[in-house]
Number of protein chains: 2
Amino acid sequence: MRNDCTVYKTMDYLSKKWTVMIILELYKGSRWKRFSEIKRSMEEITPKMLSERLRNLEAEGIVERKADSEESPTMVCYRLTEMGLDLIPVIKGVKSWALRWKVDNPACASQDCLVCVL
Amino acid sequence: MRNDCTVYKTMDYLSKKWTVMIILELYKGSRWKRFSEIKRSMEEITPKMLSERLRNLEAEGIVERKADSEESPTMVCYRLTEMGLDLIPVIKGVKSWALRWKVDNPACASQDCLVCVL
DNA sequence: CGGTATCCTTTCGGATACTG
DNA sequence: CAGTATCCGAAAGGATACCG
């Protein structure tokens, strides 16, 4: 597997901090969500990180962005694309594996955990 | 999803550089492989990295290690555990998604690419 | 052979302040 | 509101040399 391998690159950005959490946050509700709304739901993320990850995901075609500059203050919304939605089963695959082999953490498989609610 | 979430942690170490490549290298052939044999098949990896990743994977229960110190020079071998083998379909899930949506790279889906030979 | 130890560079991510 | 700019510390990873 080479560094320019699509699968390698996919693993690479999926595993960056916050990325999966953002995808799941957008999946939850499956509708347009505002920057501030996403940010509010992930208390500790900085605007820099959220912005960076969203731009990345948009560039990958996983997230789409809609800006309405007529509005004031400006309104920007994000949601998963079809490609992004199709990533959910992949994340579920990781979840299933983890639940099969690694449930050593009682907090997992609980309501506290976004991925475990999947 | 919290930092101590098992799924989060799984994503985290799966995505570290070299990890998936090592898993696939051990899957290829599905037999005990020596440290040097693995290293030789991944030209650019340093012994430090290979050693560190293997110890990690062993600690996670994904890889098992067998040392024969009677032999000289010392012989150490590694292979996937049952848990590790069960990770292959998960990686295939990522592969399928990537092939569905992202085959922008001609080198992918070729014989050059370990994951694409899966 | 199968690693460690050391050092060094690069990348990542957080804090904080600021802007159209 | 939806970001960007700047700075900084921590962590990851590579190069090289060495050891039991």
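Lettering follows sequence order; numbering is per chain, from 1.
Geometrically, A/Lys66 engages A/Trp32 in a cation-pi contact, judged by NZ or CZ lying under 6.0 Å from the ring centre and within 45° of the ring axis.
For A/Phe35 and D/dA2, the CZ to C1' distance is 6 Å, given to the nearest whole Å. Between A/Ile45 atom CD1 and C/dA15 atom C1' the separation is 14 Å, expressed in whole Å. The CG-P distance, from A/Asp68 to D/dA2, rounds to 11 Å in whole Å. Distance, B/Lys17 NZ to D/dG13 C1': 7 Å, rounded to whole Å. Summarising the geometry, the separation between CG on B/Leu50 and P on D/dG14 is reported as 12 Å, rounded to the nearest angstrom. Regarding A/Leu54, its CG atom lies at a distance of 16 Å from the P atom of D/dC1, rounded to whole Å. The distance from atom CD of B/Glu44 to atom P of D/dG13 is 15 Å, rounded to the nearest whole Å. The nearest whole Å value for the distance from the CD1 atom in A/Ile38 to the P atom in D/dC1 is 14 Å.
Formation of a donor-acceptor pair under 3.5 Å by the A/Lys39 side chain with backbone atoms of A/Ile45 is found in this model.
Of all nucleotides listed (C/dG2, D/dG13, D/dA2), D/dG13 comes nearest to the side chain of B/Arg53. Listed candidates were C/dT4, D/dT4, C/dG14. Nearest to the side chain of B/Ser51 is C/dT4. In the set D/dC7, D/dG14, D/dA12, the nucleotide with an atom closest to the side chain of A/Lys48 is D/dC7. In the set C/dG3, C/dC12, C/dA5, the nucleotide with an atom closest to the side chain of B/Arg65 is C/dG3.
For B/Tyr13, the OH atom is densely surrounded, since the number of other residues' heavy atoms within 6.0 Å is greater than 12.
An OP1 or OP2 oxygen of D/dA2 is reached within less than 4.0 angstrom by a side-chain nitrogen or oxygen of A/Ser36. A sub-4.0 Å separation between OP1 or OP2 of C/dG3 and a side-chain N or O of B/Tyr78 is present. Distances shorter than 4.0 Å separate none of the side-chain N or O atoms of B/Arg34 from OP1 or OP2 on C/dC1. Contact annotation: A/Arg55 reaches the phosphate of D/dT4 (side-chain N/O to OP1 or OP2, under 4.0 Å).
If you check every strand for non-hydrogen atoms under 4.0 Å, A/Lys39 touches nothing.
Heavy-atom distances to DNA chain C give each of A/Pro47 and A/Thr74 a nearest nucleotide, and the one nearer the 5′ end belongs to A/Pro47.
For the pair B/Glu60 and B/Lys9, the salt-bridge criterion is not met [side-chain N within less than 4.0 Å of a carboxylate O].
Partner B/Leu26 forms a side-chain contact (heavy atoms from CB on, under 4.5 Å) with one of B/Leu24, B/Ile22, B/Ile23 and no other, that one being B/Ile22.
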